[in-house]
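Indexing begins at 1, ligand by ligand and atom by atom, following the structure's order. Since we're looking at a predicted model, the values are computed, not measured. Just so it is clear, the values below take in all heavy atoms, side chains as well, and ignore hydrogens, waters and symmetry mates.
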Amino acid sequence: MASEELNLPIIDLSPYLHPQNDTDKAKVVSQVRDACAKYGFFQVSGHGIPLHLQNGLLQAIGKFFHQDKEAKMKLSFLENRGRRGYEASGMSVRDGDKLPDSKESFYIGREEPEFEAPGFHCPNQWPETLPREEFRDPVWEYYQETDKLGRTIWEILLLGLGRDPTAVMEQFTKRPIVQMKMIRYPPGSATLPEQFGVGAHTDFGGVTVLLQQANRSGLQVYLDSLQTWISVPALEDIYVINCGDMIAQWSGGIYRSARHRVINASVDEERLSCATFWHGDADATNPLDEGGVRDTVGKLLMQRFKGQFSIPREVVEAAGRLGKVGA
Ligand SMILES: O=C(O)CCC(=O)C(=O)O
Ligand SMILES: [Fe+2]
């Protein structure tokens, strides 16, 4: 087995963002297309997000999660109609897994003044227990950068399918649904045997832009071709990008949505990460003229959110108890 097959490609985005000649953009487009067709995942350098904003975000995430559980539970996402806020450890269970995920998360999205049914647009919940400059400001500054990077990737994916992104992007960027999930994985020593950080899943929407805390690896991607899990290294200033189910369906399977999972590789250190899910406007639909699923972003997301929106009370209570084990 050739070793390059076990490493996701690292693609330099700078020739796309700052082209020096006529072929620079096309070169990046074809690299991304190949990676999405083969793996559904790739890594990027030259993405334009300043390192100090990445570090500022990770610091803010650490501060939030290191508060006591009571402070965090004040912002429980279960009490929020738009599912923004805090998700305790033990809240997500996947079919086939023996135990719920050990991770804890905090969700934000586009800031809107009021809740709008069915919940894609609403105000964020911000902690009052941390000074604004220690959490809200760095998180929001970072959110805007990651939103921009998600758009760029979306454009590159469209170009890879032979579409001119200008007209398409207009339908996707009026009020795009861009969810950001900040995550903490407890160390291996605080995780139960057979408990995953995040169990095997595919992302369900558009593009995922993932920042990993440097040197805290744990992400694994399943390669169908080799029927094996490969570890993705956690490299400073390198993002991991992947396509969700919506993109796979719309592209008629040209772009893959690959299964992945997280097992914190460290026994005694926690792992922080931040995933931004860039979906586009709720009423936007498949930008390709033929083939693939034609449902809107909103409809496809609702189908997947339904389970999450109706978690039974006893599951919540049980998860709250389990959360204390993993926290
Ligand atoms: O934290 C990670 O490395 C990946 C998280 C992930 O796959 C997810 O939240 O969907
Ligand atoms: Fe994921």
Side-chain angles (χ1 to χ4, degrees), residues 8 36 39-44 54 57-58 60-62 64-65 77 83-97 100-109 142-143 146 149-150 153 177-188 191 195-223 229-248 255-266 269-279 300-301 304-305 307-308 326:
L8 295 177
C36 291
Y39 305 106
F41 263 84
F42 57 101
Q43 303 173 86
V44 292
Q54 300 170 39
L57 172 83
L58 290 167
I61 296 179
F64 179 81
F65 288 123
F77 81 140
R83 289 294 183 259
R84 308 271 171 100
Y86 175 64
E87 175 191 18
S89 176
M91 297 298 297
S92 313
V93 196
R94 278 157 233 282
D95 284 349
D97 284 355
D101 295 344
S102 69
K103 62 146 192 342
E104 52 183 329
S105 321
F106 189 81
Y107 297 89
I108 66 160
Y142 177 86
Y143 176 87
T146 192
L149 180 55
I153 305 287
I177 301 168
V178 183
Q179 298 168 309
M180 189 164 106
K181 175 179 173 190
M182 293 159 258
I183 317 168
R184 173 183 176 270
Y185 299 91
T191 306
Q195 186 178 30
F196 292 105
V198 173
H201 66 284
T202 54
D203 290 346
F204 48 82
V207 165
T208 305
V209 174
L210 176 77
L211 173 68
Q212 307 181 80
Q213 185 179 15
N215 304 315
R216 300 284 168 87
S217 51
L219 175 63
Q220 301 178 351
V221 176
Y222 192 73
L223 290 193
W229 290 97
I230 58 163
S231 294
V232 182
L235 305 171
E236 182 168 72
D237 208 17
I238 302 282
Y239 278 81
V240 179
I241 310 284
N242 64 287
C243 299
D245 297 344
M246 185 175 83
I247 290 187
Y255 294 144
R256 299 170 69 90
S257 171
R259 274 200 311 148
H260 53 285
R261 66 185 186 189
V262 176
I263 303 170
N264 185 355
S266 172
E269 309 258 35
E270 67 179 14
R271 172 180 187 267
L272 304 177
S273 71
C274 180
T276 302
F277 304 102
W278 205 98
H279 303 303
L300 289 170
L301 293 185
R304 287 291 289 258
F305 282 148
Q308 209 188 334

Trainee: If waters are left out, how many protein N/O/S atoms lie within less than 2.8 Å of the Fe ion (ligand 2)?
Mentor: 3
Trainee: Tell me if a side-chain donor or acceptor on D203 pairs with a main-chain N or O of G205 at a distance below 3.5 Å.
Mentor: no
Trainee: For the side chain to side chain donor-acceptor pair (under 3.5 Å) test, which of K181, R184, E87 pairs with S105?
Mentor: E87
Trainee: Where does the angle between the aromatic ring planes of F65 and Y86 fall among parallel (under 30°), tilted (30 to 60°) and perpendicular (over 60°)?
Mentor: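 Rings of F65 and Y86: tilted, 30 to 60°.
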Trainee: For ligand 1, which of its N or O atoms have a protein N or O partner closer than 3.5 Å, and how long is each gap?
Mentor:
from: ligand 1; atom 1: 1 (O); to: Y185; atom 2: OH; distance (Å): 2.6
from: ligand 1; atom 1: 1 (O); to: R271; atom 2: NH1; distance (Å): 3.3
from: ligand 1; atom 1: 1 (O); to: S273; atom 2: OG; distance (Å): 2.7
from: ligand 1; atom 1: 3 (O); to: R271; atom 2: NH1; distance (Å): 3.2
from: ligand 1; atom 1: 3 (O); to: R271; atom 2: NH2; distance (Å): 3.0
from: ligand 1; atom 1: 7 (O); to: H201; atom 2: NE2; distance (Å): 3.2
from: ligand 1; atom 1: 7 (O); to: H260; atom 2: NE2; distance (Å): 3.0
from: ligand 1; atom 1: 9 (O); to: K181; atom 2: NZ; distance (Å): 2.8
from: ligand 1; atom 1: 10 (O); to: H201; atom 2: NE2; distance (Å): 3.0
from: ligand 1; atom 1: 10 (O); to: D203; atom 2: OD1; distance (Å): 3.1

Trainee: Quick one: ring pair (Phe, Tyr, Trp, His ring centres under 6.0 Å) partners of F277, sequence neighbours excluded?
Mentor: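 If we apply the ring pair (Phe, Tyr, Trp, His ring centres under 6.0 Å) test to F277, skipping adjacent residues, there are no hits.
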Trainee: Indicate yes or no for a side-chain donor-acceptor contact from Q212 to the backbone of L235 under 3.5 Å, with no hydrogens or angles considered.
Mentor: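 Between the backbone of L235 and the side chain of Q212 there is no qualifying donor-acceptor contact (under 3.5 Å).
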Trainee: Sequence neighbours excluded, which residues qualify as salt bridge (Lys or Arg N to Asp or Glu O under 4.0 Å) partners of E269?
Mentor: R216
Trainee: Quick check: do F64 and M182 have side-chain heavy atoms less than 4.5 Å from each other?
Mentor: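 Heavy-atom side-chain distance check fails, nothing below 4.5 Å.
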Trainee: Please confirm whether the backbone N or O of V178 pairs with a side-chain atom of Y143, one donor and one acceptor, at under 3.5 Å?
Mentor: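 At least one qualifying donor-acceptor pair exists.
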Trainee: Looking at F77, is its backbone amide N or carbonyl O close enough to the side chain of R83 to form a donor-acceptor pair, meaning the two atoms are under 3.5 Å apart?
Mentor: yes
